[in-house]
**Student:** 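Here it is, the structure, as structure tokens.
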Amino acid sequence: MAELLKGAPVVEAINAKIIADVAVLKEKGVSPTLAILRVGERPDDISYEKTATKRCDTVGVNVKNVIFPEDVDQATVMAAVDDLNKDAGVHGVLIFRPMPKHLDGEAVRTALDPKKDIDGITDGSLAGVFANSGQGFAPCTAQACIEILDHYGIECEGKRATIVGRSLVVGKPVAMMLMAKNATITTCHTRTKDLAKTVAAAEIVIVAAGKMETVTADYFSPGQIVIDVGINWSDEKGKLVGDVKFDEAEPIVGAITPVPGGVGTVTTSVSISHVVEAAKKSAGLA
Ligand code: NAP
């Protein structure tokens with residue numbers, strides 16, 4: 001049976017560090033603050049906003065909500081981003097995307113100051129990940145994969161790591177982050193030939209394909225570490241499932257993240273840790 005790499009203990013460890021850092025910041029008169037910018041009333045956004053706000057409350061991080069109606073104009077949103085960039089009392093900004101079609105979401109994304117880009121959406125943050133320079137912040141889901149590997153003491157150096165997916169949100173940044181940890185990387189996508197064979201040859205596998213239970217028994221080999229980033233609602237099972245067919249992978253591999261209760265739960269804590277990190281940087285403490 002595979003070891004289950006649950007997210008909860010990782011969250012607990014990240015939260016403990018956040019709480020300690022917040023105490024130090026508050027002693028110095030700094031209250032770490034996250035601004036959440038939302039346009040419209042998309043249920044997914046509202047649900048994430050509630051989760052993030054609750055988690056922030058638990059660890060002593062303030063939340064400032066900037067909410068616009070669905071029909072807001074571009075100039076108003078751009079002015080809000082500009083205000084948040086300039087507001088010394090705001091340390092991190094989370095912008096819900098995609099934005100409504102009449103808005104230029106790309107202009108909004110690029111207007112955000114990478115120093116406050118706790119979600120890793122700006123070019124500055126992505127450059128920081130690629131150059132391993134510490135500029136901006138890594139995309140939270142990619143970092144959540146790394147936090148899980150680190151928490152469970154999984155050594156990456158010299159290992160063959162294969163990533164299924166090449167999105168800017170997960171696949172590409174996690175490949176760079178694993179390379180920075182001296183793993184040898186293969187990145188797969190829809191045009192990859194012999195995908196199952198390539199994945200089976202890896203020691204560490206990150207699956208971020210966005211296709212429900214698409215990675216099956218023939219992709220896996222004994223002893224592998226499998227991080228399943230996928231989050232998909234299965235009508236058939238009436239629950240969330242990953243991109244990996246868990247029941248087929250689990251008897252074969254060495255360790256695997258569950259869905260739900262794996263990468264997803266760690267992602268929110270990573271984004272809050274970025275707010276605290278941004279506050280520390282702004283206070284000259286990091
Ligand atoms: P995405 O933008 O749709 O990218 C999917 C990637 O997987 C693409 O590069 C695509 O290749 C590749 N791919 C798709 N089907 C494939 C297949 N059958 N074989 C090989 N490669 C395949 O998805 P994403 O935003 O990276 O998200 C990936 C998954 O992570 C989704 O299930 C999403 O719900 C989940 N997610 C979870 C969190 C979290 O907090 N846990 C956060 C974000 C996303 P091409 O480039 O060739 O099209």
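Both ligands and their constituent atoms are indexed starting at 1 by order of listing. Remember, predicted model here, so these are calculated numbers, not experimental data. As a basis for the values below, the full set of heavy atoms in this structure was taken, side chains included, without hydrogen atoms, waters or symmetry mates.
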**Student:** Closer than 4.0 Å to some heavy atom of Gly165 - which atoms of ligand 1 meet that?
**Tutor:**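 Near Gly165, meaning under 4.0 Å from one of its heavy atoms, ligand 1 has 6 (C), 7 (O), 9 (O), 12 (C).
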**Student:** To the nearest 0.5 Å, what is the distance between CG (Leu285) and CD (Glu277)?
**Tutor:**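 Those atoms lie 10.0 Å apart.
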**Student:** Checking a contact table here: which protein heavy atom is nearest atom 16 (C) of ligand 1, and how many Å away?
**Tutor:**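 Atom 16 (C) of ligand 1 sits closest to the protein heavy atom Thr190 CG2, 3.8 Å.
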**Student:** Could you tell me whether Thr141 approaches ligand 1 through its side chain, its backbone, both or neither, with non-hydrogen atoms closer than 4.0 Å?
**Tutor:**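 Thr141 to ligand 1: side-chain contact only, backbone stays beyond 4.0 Å.
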**Student:** Could you name the option among His189, Arg166, Lys172 that has the heavy atom nearest to atom 21 (N) of ligand 1?
**Tutor:**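 Selected option, by shortest heavy-atom distance: His189.
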**Student:** How long is the span from the CD1 atom in Ile272 to the OG1 atom in Thr267, to the nearest 0.5 Å?
**Tutor:**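 Reported to 0.5 Å precision, the distance equals 11.0 Å.
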**Student:** Between Thr192 and ligand 1, which residue portion shows a heavy-atom distance shorter than 4.0 Å: side chain, backbone, both, or neither?
**Tutor:**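 Neither part.
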**Student:** What verdict does the salt bridge (charged side-chain N to carboxylate O under 4.0 Å, His left out) test give for Arg109 and Asp123, after you've listed the backbone C-alpha separation in whole Å, the side-chain angles of each residue and the deciding distance to 0.1 Å?
**Tutor:** CA-CA 9 Å; Arg109 179 185 76 82; Asp123 295 342; 2.9 Å; yes
**Student:** Quick one, Met179 and Phe130 - any side-chain contact, counting heavy atoms below 4.5 Å?
**Tutor:**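 Of all side-chain heavy-atom pairs linking Phe130 with Met179, none is under 4.5 Å.
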**Student:** Considering only the protein, which heavy-atom contact is closest to atom 35 (C) of ligand 1, and what is its distance?
**Tutor:**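 Minimum-distance protein heavy atom for atom 35 (C) of ligand 1 reads Val229 O, 3.4 Å.
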**Student:** What I want to know is whether Arg191 and ligand 1 share at least one N or O pair that is separated by under 3.5 angstrom.
**Tutor:**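 No: no nitrogen or oxygen of Arg191 is under 3.5 Å from one in ligand 1.
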**Student:** Here's one to test your reading of the geometry: is the NZ or CZ of Lys237 within 45 degrees of the ring axis of Phe246 and under 6.0 Å from its centre?
**Tutor:**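 Lys237 over Phe246 ring: no.
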**Student:** For ligand 1, which atoms sit closer than 4.0 Å to a heavy atom of Thr267?
**Tutor:**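 So the answer, numbered in order with elements, is 39 (C), 40 (O).
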**Student:** Quick one: which ligand 1 atoms are inside 4.0 Å of a heavy atom on Asp243?
**Tutor:**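 Counting from 1, the qualifying ligand atoms are 29 (C), 32 (O).
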**Student:** Would you indicate which of Cys145, Ala144, Gly262, Ser167 comes nearest to atom 23 (O) of ligand 1 when only heavy atoms are counted?
**Tutor:**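 Heavy atom nearest to atom 23 (O) of ligand 1 belongs to Ser167.
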**Student:** Output the list of atoms in ligand 1 that are nearer than 4.0 Å to some heavy atom of Val164, sorted by atom number.
**Tutor:**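 Under 4.0 Å from Val164, ligand 1 has these atoms: 20 (C), 21 (N).
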**Student:** Under a 4.0 angstrom heavy-atom cut-off, which atoms of ligand 1 come close to Gly210?
**Tutor:**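 Those qualifying, in numeric order: 28 (C), 29 (C), 31 (C), 32 (O).
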**Student:** Mind checking whether Pro139 and Val170 have side chains closer than 4.5 Å, heavy atoms only?
**Tutor:**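 Pro139 vs Val170: side chains apart.
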**Student:** Within a 6.0 Å radius of atom NZ on Lys54, are there more than 12 heavy atoms belonging to other residues, nucleotides or ligands?
**Tutor:**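 Result for NZ/Lys54: open.
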**Student:** I'd like to check which ligand 1 atoms, numbered from 1 as shown, lie under 4.0 Å from a non-hydrogen atom of Leu195.
**Tutor:**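 Near Leu195, meaning under 4.0 Å from one of its heavy atoms, ligand 1 has 19 (N), 20 (C).
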**Student:** Closest non-hydrogen protein atom to atom 27 (O) of ligand 1, residue and atom name please, with distance?
**Tutor:**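 Of every protein heavy atom, Val170 CG2, 4.3 Å lies nearest to atom 27 (O) of ligand 1.
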**Student:** Looking at Lys211, which atoms of ligand 1 are within less than 4.0 Å of one of its heavy atoms?
**Tutor:**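 Heavy-atom distances to Lys211 below 4.0 Å select 14 (C), 15 (N).
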**Student:** For Asn232, counting its heavy atoms only, list the atoms of ligand 1 lying under 4.0 Å from any of them.
**Tutor:**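 That gives atoms 32 (O) of ligand 1.
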**Student:** For Arg160 and Thr198, does a side-chain donor sit closer than 3.5 Å to a side-chain acceptor?
**Tutor:**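 No pair is found: no donor N or O on one side chain lies under 3.5 Å from an acceptor on the other.
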**Student:** Should we say atom NZ of Lys280 is surrounded by more than 12 heavy atoms from elsewhere, each under 6.0 Å from it?
**Tutor:**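 More than 12 within 6.0 Å, yes.
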**Student:** Heavy atom under 4.0 Å from ligand 1: found in Ile231's side chain, backbone, both, or neither?
**Tutor:**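 It is both backbone and side chain that touch ligand 1.
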**Student:** Which residue holds the protein heavy atom closest to atom 18 (N) of ligand 1, what is that atom called, and what is the gap in Å?
**Tutor:**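 In this structure, atom 18 (N) of ligand 1 has Thr214 OG1, 4.2 Å as its nearest protein heavy atom.
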**Student:** Name the closest protein heavy atom to atom 5 (C) of ligand 1, giving the residue it belongs to and the distance to 0.1 Å.
**Tutor:**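 The closest one turns out to be Ala209 O, 3.4 Å.
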**Student:** Among the clusters formed by ILVMFWY side chains lying less than 4.5 Å apart, do Ile252 and Val207 turn up in the same one?
**Tutor:**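 In one cluster: yes.
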**Student:** How far apart are the C-alpha atoms of Thr190 and Arg166, what are their side-chain angles, what is the distance that settles it, and do they pass the side-chain hydrogen bond (donor to acceptor under 3.5 Å, both in side chains) test?
**Tutor:** CA-CA 9 Å; Thr190 52; Arg166 56 176 166 180; 4.5 Å; no
**Student:** Would you compute the distance between atom CG of Asp45 and atom CE of Met99 and round it to the nearest 0.5 angstrom?
**Tutor:**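 Here the interatomic distance stands at 9.0 Å.
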